Number of protein chains: 2
Amino acid sequence: MTDKKKPSGQPDKRRAIVHGALQLFARDGYTRASLDAIAAEAGVSNRTIYNHFTDKAELFQTVIQDSTRRVADTMIDIIDRHLAKVVDLENDLVELGLAWLRLLTSDLAPHFALIRQINAEIEYIPPTALKVWQETGPGRVRQELADRLRQIAGGGQLTLADPLRAAGHLMLLISADNLTDRTALHDETELAAMVSAGVRAFLYGYKR
Amino acid sequence: MTDKKKPSGQPDKRRAIVHGALQLFARDGYTRASLDAIAAEAGVSNRTIYNHFTDKAELFQTVIQDSTRRVADTMIDIIDRHLAKVVDLENDLVELGLAWLRLLTSDLAPHFALIRQINAEIEYIPPTALKVWQETGPGRVRQELADRLRQIAGGGQLTLADPLRAAGHLMLLISADNLTDRTALHDETELAAMVSAGVRAFLYGYKR
DNA sequence: AGATTATTACACCGATCGATGTAGACATTA
DNA sequence: TAATGTCTACATCGATCGGTGTAATAATCT
């Protein structure tokens, strides 16, 4: 499944390229981000990029997979940290949601700009790449969350017919806001209010 | 406020250009959509575009404003149709939400692709243009919805401290889903379930 | 009809960009 | 030392694109 690649060249150079490319792809999008600019951002020669990647497209693909994996890992960490042992379900879910939303302004911020780029160019991206991204990213997070929810349901605090579906709903209700309206920046209290509303909506449908 | 323009040239040509440009800007984004392609799509000479618009940027701006105004008008129509006389508030809100979401697959669909493009290139778009778009588009819809909600609150079915804020929350809860996850196409029943969940979340917080 | 304006097709310029070639500098390994 | 592989700077190619000039044609107006 996971295609084995031959990462030729020096690893630190490769990492610098991927990191720099993420910054520029996130800010300027696939087309507008030039390889010269990426090379400059990475502190690397233009030619070196082609020593590590065959194509601009392959570089883009690598950047997506790399960033997606890192962010998904972080989100799963947050899930485990907040839902491993539940004391107050509503409060724990709100804290989980807030921790997620705080990622939007963390050093992982460029990732979400990249996601917006992908979303915009979705008609232009090969469906297989899109499927892979979906599975190794949001899909994995949703699966982990579903497992935790099922575990909680086992304790009698929830009633779940379809945990995976419920996990999807919860993720949606938590993170819906800032992903749509980018013009209004919400302060921390407003953020908390929105997350609370989302969590309550979830519990309203699934609590028992 | 509203800058008076001098729409030189033949109106039908201009309309054809704007319409064709919307299709290509929506599909390919600002950068990738070439003027030659737009001209071909509109059935118009390349040179004619520059007879109606000074710039690619001005054309883009015009397309945004035009499409935004049309969609906002449609959404406001839907508001008026469902909330002019409320009999069953929850049901009417759900129907309103479903009518809104149906726009995503209507002939207005390119508009939302365009919005995704704007969202992606948001760092690249002049803030003033962004502000104008926000005000004549979602802002106007939100204002209209707020007015209706205030009217309903006058009847005692809602308790609103800040109708405008409440309107924003409701719009968010209704339309959050499909704007984020574009990979999974939701069927009609799932759509209805999501809208219902959003409406219930809204009423849970505001009903009295 | 005559005058004016809009539209068209075509050629062109300058700039950008992806990608490749080349040759030398540098480091590592045998 | 010799060999191998990577990195860098630079030069170049072909293609695309935004924008302009021009001259002929078509549509509109008075």
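By convention in this document, chain letters (A, B, ...) are assigned in the order of the sequence lines, proteins followed by strands, and residues within each chain are numbered from 1. These figures come from a predicted structure and were not determined experimentally.
Here D:dG18 presents its P atom at 15 Å from CD of B:Glu58, a figure rounded to the nearest Å. The interatomic distance linking B:Arg14 (CZ) with C:dA6 (P) rounds to 13 Å, in whole Å. One interatomic measurement links the two molecules: CG of A:Asp36 to P of D:dC10, which rounds to 13 Å at whole-angstrom precision. Spacing between atom CG of B:Asn51 and atom P of C:dT8 amounts to 10 Å, rounded to whole angstrom units. The separation between A:Asn46 atom CG and D:dT12 atom C1' is 13 Å, rounded to whole Å. Here the C1' atom of nucleotide C:dT7 and the CZ atom of B:Phe53 are 15 Å apart, to the nearest Å. For the pair A:Asp28 CG and C:dT16 C1', the computed distance is 14 Å after rounding to whole Å. Going from atom CG of A:Leu24 over to atom C1' of C:dC17 covers 15 Å, rounded to whole Å.
With contacts defined as side-chain heavy-atom distances shorter than 4.5 Å, the pair B:Ile115/B:Val71 does not qualify. Annotation: side chain of B:Arg27 is not in contact with side chain of B:Gln23 (no heavy-atom distance under 4.5 Å). In this structure the side chain of B:Arg142 never reaches within 4.5 angstrom of the side chain of B:Met75, judged on heavy atoms. For the pair A:Arg102/A:Glu188, a side-chain contact is recorded, criterion being any heavy-atom separation below 4.5 Å from C-beta on.
Just one residue in the list A:Leu93, A:Leu98, A:Leu96 forms a side-chain contact (heavy atoms from CB on, under 4.5 Å) with A:Val195, and that residue is A:Leu98.
In this structure a side-chain-to-backbone donor-acceptor pair under 3.5 Å is present from A:His82 to A:Ile78. Using modelled atom types, one side-chain atom of A:Thr136 and one backbone atom of A:Val132 make a donor-acceptor pair closer than 3.5 Å. In terms of modelled atom types and a separation under 3.5 Å, the side chain of A:Lys56 and the main chain of A:Ser34 share no donor-acceptor contact. A distance-only check finds no donor-acceptor pair linking the side chain of B:Thr68 to the backbone of B:Gln65 [under 3.5 Å].
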Which donor-acceptor pairs under 3.5 Å do side chains of residues 35-50 of chain A form with protein atoms, sequence neighbours excluded?
| residue | atom | partner | partner atom | Å |
| --- | --- | --- | --- | --- |
| A:Asp36 | OD1 | A:Asn46 | ND2 | 2.5 |
| A:Ser45 | OG | A:Arg47 | N | 3.2 |

Protein and nucleotides 21-23 of chain D: nitrogen or oxygen contacts under 3.5 angstrom:
| residue | atom | partner | partner atom | Å |
| --- | --- | --- | --- | --- |
| D:dG21 | N7 | B:Arg47 | NE | 3.2 |
| D:dG21 | N7 | B:Arg47 | NH2 | 3.3 |
| D:dG21 | O6 | B:Arg47 | NE | 3.1 |

Sub-3.5 Å pairs of nitrogen or oxygen atoms, protein against nucleotides 28-30 of chain D:
| residue | atom | partner | partner atom | Å |
| --- | --- | --- | --- | --- |
| D:dT28 | OP1 | B:Gln10 | NE2 | 3.2 |

Scan nucleotides 13-15 of chain C against the protein and return all N/O pairs shorter than 3.5 Å with their distances rounded to 0.1 Å.
none

Protein N or O to nucleotides 27-30 of chain C N or O, pairs below 3.5 Å:
none

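Heavy atoms of A:Asp55 sit under 4.0 angstrom from primed sugar atoms or phosphate atoms, though from no base atom. Among the atoms of the strands shown, only primed sugar atoms or phosphate atoms (P, OP1, OP2) are found under 4.0 Å from some heavy atom of A:Ala33. Contact annotation for A:Thr48: base contact, defined as any heavy-atom pair under 4.0 Å involving a base atom.
Of the two residues contacting DNA chain C, namely B:Lys13 and A:Ala57, the nearest-nucleotide position lying further toward the 5' end is that of B:Lys13.
The C1' atoms of five pairs define one axis at each end of the helix from C:dA1-D:dT30 to C:dA30-D:dT1, and these two axes lie 20° apart (to 10°).
One finds no salt bridge joining B:Lys85 and B:Asp92 here, because no Lys/Arg side-chain nitrogen approaches an Asp/Glu carboxylate oxygen to under 4.0 Å. Using a 4.0 Å cut-off between charged nitrogen and carboxylate oxygen, B:Arg150 and B:Asp147 count as a salt-bridge pair.
Residue B:His52 has no polar side-chain atom (N or O) positioned under 4.0 Å from OP1 or OP2 of C:dA6. At the phosphate of C:dC17, neither OP1 nor OP2 sits under 4.0 Å from any side-chain N or O atom of A:Lys56.
Ring planes of A:Phe60 and A:Phe25: perpendicular class, angle over 60° (limits at 30 and 60°).
If you check D:dG19, C:dG18, D:dT6 against the side chain of B:Leu35, the one that comes closest is D:dG19.
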